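Read through the structure below, which is laid out as structure tokens, and then see the notes.
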Amino acid sequence: MDQMLTGAFIAAERKRKGYTQKQLAEKLGISDKTVSKWERGNGFPDVSLLLPLCGELDITVNELLCGERVSEEDYCRKAEENMVNLVREARESKKKIVLSGMVAMLALIASLSLILVAEVIEMENWIRVLLAAIGIVVLVMGIVIACILEREAGAYECPSCKTRFVPEMGEYIMGPHTIMKRKLKCPNCGAHRYCKKVLTK
């Protein structure tokens, strides 16, 4: 699923219907910033908005996912492609999350091992300091790589408006979190809540 293609399609169909971004947003009960974000390819409508959006634009969900009008003979083939793409995206996100956990764990084990060796084995002080410093660098780099992988896997869903979004790296790092939730500010409704991690954008 190409968000840029889908965004351009939403914009074209909105204009065809003679709606401004604000008019379409009012009909859907969302902000015009959200519609603008979709049309720029920076986000995708929440599942709860797919049918209302398609109804307003006189298109099918399948056409929305394809980013183009679909003829009757191509409809089933395109629907199957869209389903396969959604499953593939969810699998790739799951792999990134698992890889993120593995990287963090390996970095932790490697850094603790280096620090432990520096503490336990007799050696000159400068070597001890060097090993401890390398251990800290390995830990920090591992955490950074794990954060990048986890942030890019899927998206976060706002519990207030159900918008799915990928947070900025700074907000992601600073946000308090549990295993599958992170406290973030929703770019759509502005709520600062614990958002659930989801595997598809």
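Sequential numbering from 1 along the given sequence is applied to the chain's residues. A quick note: this is a predicted structure, and the numbers were derived from the prediction, not measured. We use all heavy atoms of the structure for the numbers below, so side chains are in, but hydrogens, waters and symmetry mates are not.
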Under the criterion side chain to side chain contact (heavy atoms under 4.5 Å, CB included), I'd like the reasoning laid out for Arg193 against Leu184: C-alpha separation, chi angles, the key distance, then a yes or no. CA-CA 6 Å; Arg193 310 261 314 265; Leu184 302 164; over 6 Å; no
With a 4.5 Å heavy-atom cut-off, do [X] and [Y] have their side chains touching?
| X | Y | result |
| --- | --- | --- |
| Glu56 | Lys17 | no |
| Lys37 | Thr163 | yes |
| Phe44 | Leu65 | yes |

Heavy atoms only: give me the nearest [X]-[Y] pair and the separation to one decimal.
| X | Y | answer |
| --- | --- | --- |
| Arg14 | Glu39 | NE-OE2, 2.5 Å |
| Lys33 | Arg40 | O-NH2, 4.5 Å |
| Leu49 | Leu28 | CD2-O, 4.0 Å |
| Arg151 | Pro167 | NE-O, 2.7 Å |
| Pro159 | Cys195 | CD-SG, 4.0 Å |
| Asp46 | Glu157 | OD1-OE1, 3.7 Å |

Decide whether [X] and [Y] are clustered together by the hydrophobic rule: side chain heavy atoms of Ile, Leu, Val, Met, Phe, Trp, Tyr closer than 4.5 Å, transitively.
| X | Y | result |
| --- | --- | --- |
| Leu112 | Leu114 | no |
| Trp38 | Phe9 | yes |
| Ile148 | Tyr172 | yes |
| Val166 | Tyr156 | no |
| Leu50 | Tyr19 | yes |

If you count heavy atoms of other groups shown closer than 6.0 angstrom to CE of Met174, is the number above 12? no
When you measure from the centre of the six-membered ring of Tyr194, is the NZ or CZ of Arg182 closer than 6.0 Å and no more than 45° off the axis? no
Is a donor on one side and an acceptor on the other found under 3.5 Å between the side chain of [X] and the backbone of [Y]?
| X | Y | value |
| --- | --- | --- |
| Ser100 | Lys96 | no |
| Gln23 | Thr20 | yes |
| Ser113 | Ile109 | yes |

When you look at Cys158 and Cys189, which way does the side chain to side chain contact (heavy atoms under 4.5 Å, CB included) test go after all the steps? CA-CA 9 Å; Cys158 173; Cys189 69; 3.7 Å; yes
Between Thr60 and Asn62, is there a side-chain donor-acceptor contact under 3.5 Å, judged purely by atom types and distance?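 No, no side-chain donor-acceptor contact under 3.5 Å.
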Got a second to check how far [X]'s [atom1] is from [Y]'s [atom2], nearest 0.5 Å?
| X | Y | atom1 | atom2 | value |
| --- | --- | --- | --- | --- |
| Leu149 | Ile145 | CG | CD1 | 7.5 Å |
| Met169 | Cys147 | CE | SG | 6.5 Å |
| Leu116 | Ile121 | CG | CD1 | 8.5 Å |
| Ile10 | Gln3 | CD1 | CD | 9.5 Å |

Pair Glu26-Asp32, side chain to side chain contact (heavy atoms under 4.5 Å, CB included): steps then yes or no: CA-CA 8 Å; Glu26 286 171 355; Asp32 55 345; over 6 Å; no
Kindly write out the residues that satisfy salt bridge (charged side-chain N to carboxylate O under 4.0 Å, His left out) with Glu13, not counting sequence neighbours, or none if the list is empty.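 So Glu13 forms a salt bridge (charged side-chain N to carboxylate O under 4.0 Å, His left out) with Arg16, Arg69.
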Holding to salt bridge (charged side-chain N to carboxylate O under 4.0 Å, His left out), I want the full list of residues that pass it with Lys197, two or more places apart in sequence or in another chain. Glu150
Let me have the donor-acceptor pairs involving side chains of residues 122-144, under 3.5 Å, with sequence neighbours excluded, atom names and distances please.
residue	atom	partner	partner atom	Å
Glu124	OE1	Trp126	NE1	2.8
Arg128	NH1	Ala118	O	2.3
Arg128	NH2	Met123	O	3.3

